[in-house]
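Naming: A, B, ... by sequence-line order, numbering from 1 per chain. Excluded from the calculations below are hydrogen atoms, water molecules and symmetry mates; all remaining heavy atoms, backbone and side chain alike, are included. The shown structure was predicted, so the numbers you read here are calculated from the model rather than taken from an experiment.
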Number of protein chains: 2
Amino acid sequence: MLDERSKKVLCAVVQNYIDFPDPVGSRTVAKRYSFGLSPATIRNIMADLEEMGFLTQPHTSAGRVPTDRGYRFYVDSLVAGGDYYLNIDILQELYKRLKALKNDIDMFLGETTKTLSMLSHYIGVAMSPRPDMTTLKRIELLKYKADKVAAILFTDEGLIKNKVISLDSEVSQKDLNRIATYLNSEFSGYTFDEIRLRVIKEMSKAKTMCDSLISKAIKICQEALYFFRGDLFVSGLSEVLELPDFTDLKKIRELSRAIEDKHTIIKLLDKLSEFEGVQIIIGSENSMDEMEKFSVVVSACKEGDRPIGVVGIIGPTRMNYAKAIYIVDNTAKFITKMLVER
Amino acid sequence: MLDERSKKVLCAVVQNYIDFPDPVGSRTVAKRYSFGLSPATIRNIMADLEEMGFLTQPHTSAGRVPTDRGYRFYVDSLVAGGDYYLNIDILQELYKRLKALKNDIDMFLGETTKTLSMLSHYIGVAMSPRPDMTTLKRIELLKYKADKVAAILFTDEGLIKNKVISLDSEVSQKDLNRIATYLNSEFSGYTFDEIRLRVIKEMSKAKTMCDSLISKAIKICQEALYFFRGDLFVSGLSEVLELPDFTDLKKIRELSRAIEDKHTIIKLLDKLSEFEGVQIIIGSENSMDEMEKFSVVVSACKEGDRPIGVVGIIGPTRMNYAKAIYIVDNTAKFITKMLVER
DNA sequence: TTTTAGCACTCTCAATAGTTCAGTGCTAAT
DNA sequence: ATTAGCACTGAACTATTGAGAGTGCTAAAA
């Protein structure tokens, strides 16, 4: 439906618009990309492309600008061609810095987003695994104050989380150890969501039962898991504010609200984390209205089948996709490798 | 140096400018605040106030706008008069929600900033204590993977932090327990900075010594404390973007950079955390250039002499100080009370 | 001596109009 | 099928103008 020549013109327009943030005219295309065609011919082709919904004009006498569909075509041919941006030296350098932090997942992810945004000049995002996919490796209970217990949760993904739990009555460290042993034997190896379900079941049983230690154990377990959730890390808002795409105050507000909410972005990343490889969402392809004006390039990090996090970049639809894809792909691969061999 | 009438006019101008974001003219002042004086007289007074540096004109034929010095005078008389904004119902409501999180300091501070920004419509900030003021209560070591140990640090302030440490050789849980006991007997009750210093001393000793357990202990301790630092929580950028004060793209960029840096704000809060009660920094009173256009209202939370955190609000110099002071003061007091009785 | 009325003056802001310019669509010639 | 030519369009920039808000100053009033 799109002949070779039209494809080339379309890609040229998109590429040029990505490189220079002004609507691109037929003259520019004819000149800068040696098609051996006159501006008039290019004009006709561009008019066709507009009719097909790949390009639009901001106003009658301006050049053309890609629509989301136009970007999509461009990105697809980019991926098909496999020609991304290359800049290996810088990446390796930065990854070295990251490696030093691998033992502290929070700091690690925080630093990852900073690296992503620094490299791309867009917004870097990273998310730790969703609780329903996180498997409990071990739980330890440490007596804290008289009626308080610190629960330390170790997960297979390498996360360590602690949570203080208030109890009705004082419990000795010895009892806590017994409770921990019980919980470990019972729940180790299960995902947090599975545990939550089983805990609910046990609780109804526990009521009729009178082993107070077990009922305490169940209660502790429930509380320990309660607030556990995937954390979202975001950085680089100031980077995108430098772009000419963000001179519109309204757009900036929307973006900063979306970032502070976290909710929208978490939902989005959650959805994308199931897939293999780099995922690209362009503008309105996104189902969330708040993100309609932005593009998202993400990749899940998996250890075998188990997702251990998501990293990505958020930027304007007029994004340097080649670079973004390259950075995200490599970062995800690096993290995966690093976490697996840990 | 400033007669009663001038003071009143000055405060009226500032108040009016805070309420309505336009330069205020003599007519407005005469009308809205019943001085029983004609605009002409007010005009003369305002001209004097300008000469003394309390007011300026954006341009010749505009009304007047407070300078930072003008705000300072206004705030001082506000504080002296003790007349802040009152709205007890809402606060209590919100504090209830916060209380549920008090066992998780990170979540608690995060939620505190959200509450602060929601109440004030400015930026909420909260910082956990500086490491040099944080005292170690207890350290626990849990064997993680073969050559890895999870160190769990409990502080007197109620913080719990965990850090994974890689060792050169495998150590049994039993040995870890002995190490922990040693570290606790040695360092419990000291601030992190004191411990750091002592650890450095011990290390030079340990070299000549050959008790490998102790040298291991020292190494673990050093690593455990290494990355420990006060955390800064910020939220509400999207709130201030709605204000008419932030239509200037440059200002927005500056602010968002400052927030992402964290460094500037941490330094600032650090400095202010020594003082008792609510501290107010107006615009250029601040030594950091990046914050020149903003005002900061903060209060440290202390348990006796020991600081346990800082909370505050960042907004435009044209800030509703009465409200901000009231909110910060109450929030700090609430947190202090809550943390102490914990 | 202090306050006020009056008035000329200054500066911004919004609306209007003229000009330039990039880029288009269409038509007719190649 | 391609291209040159040309009229047309709409944005962006540049005056120019008038209205309006607020000032400073002066001279009169209290």
Side-chain angles (χ1 to χ4, degrees), chain A residues 2-10 12-17 19-67 70 244-245 247-249, chain B residues 2-10 12-17 19-67 70 244-245 247-249:
Chain A
L2 221 53
D3 59 38
E4 206 51 42
R5 210 177 54 177
S6 307
K7 286 182 190 174
K8 273 199 181 141
V9 171
L10 175 51
V13 171
V14 177
Q15 185 62 54
N16 197 84
Y17 187 58
D19 294 340
F20 312 93
D22 309 296
V24 3
S26 53
R27 238 182 88 84
T28 317
V29 176
K31 240 189 200 167
R32 196 130 40 196
Y33 308 83
S34 38
F35 284 109
L37 291 174
S38 80
T41 314
I42 304 280
R43 249 194 320 272
N44 288 328
I45 300 173
M46 280 165 79
D48 291 346
L49 288 170
E50 175 159 15
E51 216 170 317
M52 287 186 274
F54 291 110
L55 300 174
T56 39
Q57 290 178 287
H59 55 266
T60 330
S61 80
R64 257 91 175 189
V65 159
T67 60
D245 308 63
T247 31
D248 183 17
L249 206 35
Chain B
L2 221 54
D3 60 36
E4 206 49 43
R5 211 178 52 177
S6 306
K7 287 183 191 173
K8 273 200 182 138
V9 171
L10 175 52
V13 171
V14 177
Q15 185 62 55
N16 197 85
Y17 187 58
D19 293 340
F20 310 93
D22 309 295
V24 2
S26 53
R27 237 182 89 84
T28 316
V29 176
K31 240 188 199 166
R32 195 131 41 194
Y33 308 82
S34 37
F35 284 109
L37 290 174
S38 78
T41 313
I42 304 281
R43 221 153 34 230
N44 288 327
I45 301 173
M46 282 166 77
D48 291 347
L49 288 168
E50 175 159 15
E51 216 169 316
M52 287 187 274
F54 291 110
L55 300 175
T56 38
Q57 293 178 292
H59 56 265
T60 331
S61 80
R64 257 93 175 186
V65 159
T67 60
D245 307 62
T247 29
D248 182 18
L249 207 34

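Heavy-atom distances under 4.0 Å link DNA chain D to no residue of residues 22-34 of chain A. Residues of residues 39-55 of chain A that place a heavy atom closer than 4.0 Å to DNA chain D, in numerical order, are Ala40(A), Thr41(A), Arg43(A), Asn44(A).
To the nearest 0.5 Å, atom CD1 of residue Ile42(A) and atom CZ of residue Arg5(A) are 7.5 Å apart. Between the CG atom in Leu2(A) and the CZ atom in Phe54(A) there is a gap of 5.0 Å [rounded to 0.5 Å]. Between the NZ atom of Lys8(A) and the CD atom of Glu4(A) there is a distance of 6.0 Å, given to the nearest 0.5 Å. To the nearest 0.5 Å, atoms CG (Asp48(B)) and CG (Leu10(B)) are separated by 12.0 Å. Distance check, rounded to the nearest 0.5 Å: CG of Leu49(B) to CG of Leu55(B) gives 5.0 Å. Atom CZ of Arg64(A) and atom OG of Ser26(A) lie 8.0 Å apart (nearest 0.5 Å).
The Arg64(B) side chain lies nearest to dT23(D) when the options are dT23(D), dT3(D), dT4(C).
One interatomic measurement links the two molecules: CZ of Phe35(A) to P of dT2(D), which rounds to 13 Å at whole-angstrom precision. Between His59(B) atom NE2 and dA21(D) atom P the separation is 12 Å, expressed in whole Å. One interatomic measurement links the two molecules: CD of Gln57(B) to C1' of dT10(C), which rounds to 10 Å at whole-angstrom precision.
Contact between the side-chain N/O atoms of Arg5(A) and the OP1/OP2 oxygens of dT2(D) is found at a separation under 4.0 Å. Contact annotation: Thr60(A) side-chain N/O to dT9(D) OP1/OP2 distance is not under 4.0 Å.
Side-chain polar atoms of Asn44(A) and Thr41(A) form no donor-acceptor pair below 3.5 angstrom.
Projected onto DNA chain C by closest heavy-atom contact, Leu37(B) and Ser61(B) fall at different nucleotides, the more 5' of which corresponds to Leu37(B).
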Could you walk me through whether Leu37(B) and Ile45(B) pass the side chain to side chain contact (heavy atoms under 4.5 Å, CB included) check? CA-CA 11 Å; Leu37(B) 290 174; Ile45(B) 301 173; 4.3 Å; yes
